[in-house]
Structure formats: structure tokens, C-alpha cells
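Contents: one structure, followed by commentary.
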Amino acid sequence: MTHGPDIEKKWQKRWEEARIFKATEDSKKKKYYVLEMYPYPSGEGLHMGHSFNYTIGDVYSRFKRMNGYNVLYPMGYDSFGLPAENAAIGAGVHPKNYTEKAISNFIMQQRSLGLSYDWNRTVSTHTPEYYKWNQYFFLKFMERGLVYRKVATVNWCPKCDSVLANEQVHNDCCWRHKNTEVEQKDLEQYFIKTTTYADELLDLISGLGWPERIKIMQENWIGKSHGVTLKFDVVDESGTKIDEIETFTTRVDTVYGITYMVLAAEHPKVKEYVEGTKLEKEVMEFVNEVKKKSTIERTAEGKEKNGMFLGKYFVNPFTGEKCPLWVADYALYDYGTGAVMAVPAHDQRDFEFARKYQLPMRVVISPDFELNVERMSRAFTTDGVMTNSGEFDGLPNIDAIEKMADTAKEKGWGKGTISYKLKDWLISRQRYWGTPIPIILCGECGAVPVPEGDLPVLLPDEVEFGKGNPLLTNDDFVNTTCPKCKGGAKRETDTMDTFFDSSWYFLRYCDSANDKEPFDKNKAGYWMNVDQYIGGAEHATMHLIYARFFTKALRDMGFVHVDEPFTRLFNQGMIHGNDGHVMSKSRGNVINPTDTIEKYSADALRFFLVSIATPNKDFSWSDGALESCYKFTQKVFNGVGKIKIGKSNKKVESRLHKTIKEVTDDIENFGYNYALIKLRSLFNSFDEEESRETIEAFLKMLHPFCPHMTEELWEKLGNEPFLSLTSWPTFDESKIDTKMEMIEEFQKQVKNDIRSIIDLVGKKPGKITAFVSPDWKYMVYNTALANRESPDKIISAVMQNEEVRKRGKEGAKYAQGLAKNIARLEPVLDKADEQSSLNEYVGALEDEFGCNVEVIEAEHSDAYKARQAAPGKPAILVE
RNA sequence: GCAGGGGUAGCCAAGUGGUCAAAGGCGCUAGGUUCAGGGCCUAGUCGAUUAGUUCGUUCGAGGGUUCGACUCCCUUCCCCUGCACCA
């Protein structure tokens, strides 16, 4: 009999019919929320990475459930997004059909993996029932002042007459029109003020039970830096003050080295300063040129830096010096103030720029060698001593930072500032397949929020694809009346970034059928936080930052009471193909999970996925290893029925309890591979007869990994379903018999020794004699063990003993040998145990080697061989 | 460039100061199996040596700390991932 998809389907059906994984709030039970990152349901179907992800989560959920937790383990679909829209353009399928077909395909495939989801809580973000609440939250954020509208640049393809996502831009050209250059176009768009929570987002990272590297990535992403904002007077050629400008710097210590300043191309002052001057045309051309370039092109490190003089100057308040003002492509408008005080001697970028345009340099921080401005080949960016810096000369620059910041404050030249790399979240997408932004654009009243009662703003089905933004092609959608003045108005046709959807889906799972509110606060109160979140590292920054932001914003609005959404995060590794490369369609090394399930079984696939390596590490697909997992599952499936139910011997019982103890820990810590090694070994140690308790405990432990076959076997043993609902076995420390294990190990060792001697001799044995070590050697051995820490004392300690002294050289020699290898000494059985376990084993040895076997105490033998006997290592004579 | 992770026997992969010549799997070798054809069981699988022993050499490379390192420190090479001119 083989275990395969038929049996698996049977159990999937029965689980479903009995609704055994339905989660219900129950204040009397401890809850546990296990969540996997929900998938984008692509037409390609489930890939191996998904299967891996869900297997990890399902094992954990089943484990927690069996351990008495009230487990919430839901699944849903991130079903808005670009691929569906591309399919509409390419294959002429409506995104809705494409998506819904893909979802049902996903569900089918996920069911075949045997995942224990509560399917009643499923969400699909493209349904009005879901996205209505996106719109609702958008309005709530607006009320709180967390939304603003601002002009921002987008990628624009003139042929498509449409906005492109970054990944649709290939070599600065449109992905569909390879010869059409992408333009940069300015549009009014919506931003969410994620930066409001920048500090909290940063501060709470330390308390998260997340992988260290993800935490570090988040810290870097938020990129908090302390610095000083300095104010400079802007002057014209003649030195007359015409304006003021601010810059942010983390290196005030270098202000005496400022020789010029650069503004970002987007900085509004650029235009202001050149307007009406002879530089205007040239500078504005340059600015437009810069803006036209894609962000990637502009920001790639190592790119040559370009800039132009603006015809204006500024005065350095520290030195009173007048320096030129430039515009440059390497200045970023959205970091700091969009203006950079340039210190070419001490900043690599400024250095390159200054060399190119022959701008002056001044060394103001000195290393312990002489720096020659003329000969410097790169900026000096490490620490040193202040020089050429007036009153600050001689200070270590580290100390000067604080002093100079204080001076700037006192004199009113600047103030301490904190700057972040984290930017506000641009959520507008000029796309069809997303949540319509609930705004009405009125000529009179401007951007007016749709009244809450009018939600949802439904995404219309009737649109045309391939002609710009599809939403613009539906007049009924676009034309509306202004909620304020009741005059004619147009709907916002931008839709939301799909990260908006995924920022709170875990809350919706808590109460997914609610049509009155996004979720019931009490239900969310019961289930939140997500105790264990599981997914790939690719979402380290975006998704996980947005979801954290959402949680904090919703907390402040009273929707939830938790600060953080995900208490613990587990990152699975990536699966590589047979060829060692990451499994991907373009590599052509993809293995399809559904095929594998059909050929082997879901249980075998699950077993394989989590047994090959620790699940947080990358691993390579291996047909051989999969085969071996399959064989083991079959062996269990067929083997359990053959075991006679009766009594387990003490040995197996001891192993069982030890295994329960260890496997419980292993699963808790995601050491699934260890757990499976131990379960394999436990099963292999089973005899022809075992107790019901032993077999059932084994099945229970295997169950999270191979849920179907264990259910089947459970039933075959005469139990009522469901194994899934039984409780996890507990271990009894008193039944773990380490001596028994030592005996087992000892017997095995003796057998091996006999075998290798026979091999060496190369003849059939006529008689085998085992000599048990004499008493005095045990004594010496234990003395040596007791003196592990000070091996040099062993000999003298041993020689105190009369018995040993009597042996003379032989005793000392033995002790010396032990002292030399002190590190390798292990505790051994005492003589009586050794002897009795050997006697017990004689029968088995005689069977194995087909000859008479005798056990003798070395003391009682004159055989030369007997002198070799040592504790744990009886001398063996083969005749 | 910065940040993080990694380099372990033929392969995949455990192992973070002694119990390690290094779990487990695959592959390979030998033996067994009324076993017909990528089945099952047992054993072996760094080298040398040997009646079960012992010795030598191994965990990218080179140094160091330590009585003792795959494990800690430094240098160096290679691979992967993320960020990418953040002032």
C-alpha cells in the first residue's frame, strides 16, 4: 500500500467538512496567531517558495494547536496589482477574471498541500468588501492630517499615454515600446505621512523578535541622522544680501572647509536665482536635463557629477567668506534641505565635483601626516585634528562637532536637526487594478473627500485597456458631482499602491466578514498581535515598515491597542534549483509543487522541504533527497500497521521520551530538520512489538509534518478522528534512561569491534571471547575523569591506590595514556553494568556471528589478550 | 562603496571553545536478502597503519589568543542578499 494524493484528498475533505480548523474567539483559551505573508495570486500558480513558506507555517500552527493554543491561521490574497493589468493588455483578459481564476487555482493548490487554514476568514483585496476599508482608512488618515497632496514625478510613456511603474522601465525606455524613451512627468499625487512615526518606528525595532538582519535593514531604511541645519545669507556679485538658504549637515566640524554650495535641480530657489539673468536659459536647460533622467540613472553611485554656477553667492557665517552657489545633479532634493554645503577636502562627492569644475579646496581636518591640497587623490573623510578653523584649531574633530553646533546655535546661525532617509509614502498609482482613491476633484472646492457613507467607490468593470489610464475611459465613473457644492466634478482616477492593502490585512483576518466596520475592536483585541509572522526577506523594508506604520496610526485612532503588528518574524530561506541557482522561471530550473504532490504526496513534499536544512537557510532542490523523504514516509505508512500492539521495551520507551523532549524544543525553535532526523531515528528503532502509547506519540510528533498519512494511520489504529485535534505528547523525564542508552551504545560498539576484527582476520570465527576490564582500571579511569581539569595530577592521584601501585609500570602506563587523551574521555558504565549488558547480549552476538561467545573477567584469565581490556572497551579474542 | 549573511568531507547540509574525523540525507563500496532489474536490511566511506589500535592531515587562505578552535580575534580571497551619490 502506498500513501498518496488519494488518501490526502480524503483527509482534506474530512477536515473541511468537520470544520476543525475554524478559529473562534475564546477568552478562556490562550490564543496564538500564526501568519504567512499572503501571496499575490499570479496566473503562474503556486511556486515552490510558496509551498515552503506555507509548510513552515502549517507545521507551526498544527504544533501550537496540539499544544492547547487557540490558533488563528488564516490565508488571503493580495489580488490587486500590475500583473493582472498587464494580462489585460497582453492577453485581453479582464483583470478581474484573471485574478479570480488565479485565486481559485491558488486555493486548490494550497488545499492539496494540506494546510490547516481557517478558510472562513479568507480575504481578497480586490473585492469591494475589502477595499472599501482601504478607502475608509484613507479618509481617516486624511482627518488626522496624515495624507497630503503634492506634485511628484512619475515615469511616463508617451506611446502608452500612461504612467509606468519602475519595473516597466527598461534602459530608460518603455517595456512595451522599446524605442520610446520614458519621460518624467509631474503629477499631483497623494502621500501618507509615514515620517510622523519615524522615531517610533525606529525605537521599537529593538524590542522585536525579528531576525537581526531585518532589523538592521529597517534601521538603515529609516536612516536617522543627527546634524545641524545652518542658515546662510545669499548675496549677489556685489555682496548685497538677497536671500537666505538652509543646508543640513552631519559634519559641522568641516564648515571652515566650505568652498561652494550645491542645490538640487528640483530646488525652487534655482529657478528664482537665475530668473532674468543671462544664465537662465543654460541653467534651466541643465535642470530639465537632470529631471528627465530616471532616478536610477541619477542616483547610481560612481556616476560623473554635473553642475552649473548660478551666478549667486553665499556667506559662510563662521568665516565671513563669500562662496559660489551651484546647482548639481548629485544633490538630492528630498533629503535634508535639498542644499549641500560642499567641503571638497573632506567629502568624496564634493571632492570629485570640485576637481571637475576646478573649485577650490581647503583642508580643515588634519590626519597625523601632511595633507597637500594639490596632491590629494581623494577626500580625507576620517577623523583627525581641526586646522584652519579659527578658534577650534587643535581640537579633535569629534569634539569639535558638538562645540561648533553650540556656537552655531548661540549665534543664531543654525540649529540641531534630525534627518531621516525614510520618506513619506507616495501611494498614488496611475493604474486601473487597485483601490480607487476616494477623492472628488472639484473646480470650485479642490480635492474633496468622498463622504464616508458613499463608500465604497467601486472600481468599474467597463473600461478600455491599452489607452492610457483605463479609468479615464469610463465616463460614468469619472463624472460626478462635488459633495460640497453639488456642482459638476471629476473623480480621482489614481488608485492606491497595493502595499496599502497589505498594511492591515492581518487585522481584517480577525473579523473578515464584518460589513459595518473594518474589524471588530474586541476581536482584533483578542487576536492581535500576530505572534508569529513567516515570510521571505524581500519584504524587509517596504511591507514591514508600512504595516508597522499602519498599526501605530490605527492605534492612535483607537482601532487597535497594540504598538506593533508582528511580535516574531521568521524568514525562510530561498530555494535553489538543481543547478544551484535560485529557482526561477527565467533560469528554467523550476519544480512545480503540484506536480511533486501528484507524483509523490504532499506529506513527502512537506517532509522534504523542511528536513533538508534549517528552514531559515537557503537550500538546493535535490531529487535524491526528495526521494529519500518519500521512501521514509512510505516506510512509516506501511510499517506502523505491521507493528504488533503490546508493550514497548524500556529502551524504546527511553528513546521515545527523549525524542518527545527534544522534538518539542526543536519545533518550537523552527529546527524542523533536527526534529525530523530524530523522528526518523526513533521510528527506525522500533521493534516488532510496541505499545500503543509509543506508536501514537510518534504519529503525533510526525503529524505537523505529514498530516494526512498520520491521520490515516491514526484511524487505522482504531482511533476516532481527528489526530489533528489531539494533544501533543508529553515526556516523562524519569523514563529517559541515559544508562540504558549507554548500554545500547556500548553493545553496538562491541559488535562493531568484533566485526572489524573478523574482517581484519578474514576467516570465519570459531569462538569469540570478551574480557571485561579488571577493577583497578575502572578506578584509574574514574580518577582520571574526576581530574579532567588538571591532567598533570592524574598520575599522582592514581598512584595513591595500592591496587594500582601493585601493578607497577602497567598501572602508571595506563594512567599516562588516559591523561594524554583526557579531552576525549567520556563517562563509562561501571563494571557490573558492563558485564551484565555483555552477558545479556551474548545471544544476539552468537546469532550474528554464528559461533560461541563467552564473557570472562580479565582478572580470571591468563590470556595475553585479556590485558588489553579497558573500561568501556572489553578485550576481544577471536579464534 | 556601505550593511548583512556565507565558504565544512564526492554532493546537499548540521555543528559556535573540549564529548568532532565532524549529525542527517544523497552518492559510492561491501555483505545479506527465495531481491529480478534505480526494493529492503546491515556495515563502511580523509590518509596511513593495525586483530578492534594508533598516528597524521582536515572544516576558503594566512596569522593570533588558548592547555585546547570548525567554533574567539586580526588580515586576506571568493560567493550571495539588501541599500545604492542621504550631505
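Per chain, numbering begins at 1; letters A, B, ... match sequence-line order.
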Roughly how many Å apart are [M] and [N], using the [atom1] atom of each and rounding to a whole number?
N	M	atom1	value
B/rU71	B/rA87	C1'	42 Å
B/rG64	B/rU58	P	14 Å
B/rU42	B/rG4	C1'	46 Å
B/rA36	B/rC26	P	23 Å

Residues of residues 871-879 of chain A with a heavy atom under 4.0 Å from any atom of RNA chain B, listed by number, are A/Lys873, A/Pro874, A/Ala875, A/Ile876, A/Leu877, A/Val878

Run the ring-centre check on A/Phe351 versus A/Phe380 and record whether the distance is less than 6.0 Å.
no

Enumerate all atom pairs, one protein N or O and one N or O from nucleotides 5-15 of chain B, separated by less than 3.5 Å.
residue	atom	partner	partner atom	Å
B/rA14	OP1	A/Thr614	N	3.3
B/rA14	OP1	A/Thr614	OG1	3.1
B/rA14	O3'	A/Tyr674	OH	2.4
B/rG15	OP1	A/Tyr674	OH	2.3

By side-chain hydrogen bond (donor to acceptor under 3.5 Å, both in side chains), A/Lys739 pairs with (sequence neighbours left out) A/Asp833

Taking N or O atoms only and anything under 3.5 Å, show me the protein contacts with nucleotides 36-42 of chain B, one pair per line.
residue	atom	partner	partner atom	Å
B/rC41	OP1	A/Lys635	NZ	3.0

For atom [atom1] of [X] and atom [atom2] of [N], their distance in whole Å:
X	N	atom1	atom2	result
A/Lys215	B/rG4	NZ	P	14 Å
A/His576	B/rC79	NE2	P	15 Å
A/Tyr330	B/rG1	OH	C1'	17 Å
A/Lys865	B/rU50	NZ	C1'	10 Å
A/Lys305	B/rA87	NZ	C1'	12 Å

Give one of base, sugar-phosphate or nothing for A/Ile677, where a contact means two heavy atoms less than 4.0 Å apart.
base

Run the side-chain donor-acceptor check on residues 676-683 of chain A: report pairs under 3.5 Å with partners two or more places apart or on a different chain.
residue	atom	partner	partner atom	Å
A/Lys678	NZ	A/Asp666	OD2	2.8
A/Arg680	NH2	A/Ser628	OG	3.2
A/Ser681	OG	A/Arg655	NH2	2.6

Output side-chain donor-acceptor pairs under 3.5 Å for residues 742-751 of chain A, partner residues at least two apart or in another chain, one line each.
residue	atom	partner	partner atom	Å
A/Gln747	NE2	A/Ser837	O	2.9

In Watson-Crick or G-U wobble terms, with both distances under 3.5 Å, the base opposite B/rC11 is B/rG25

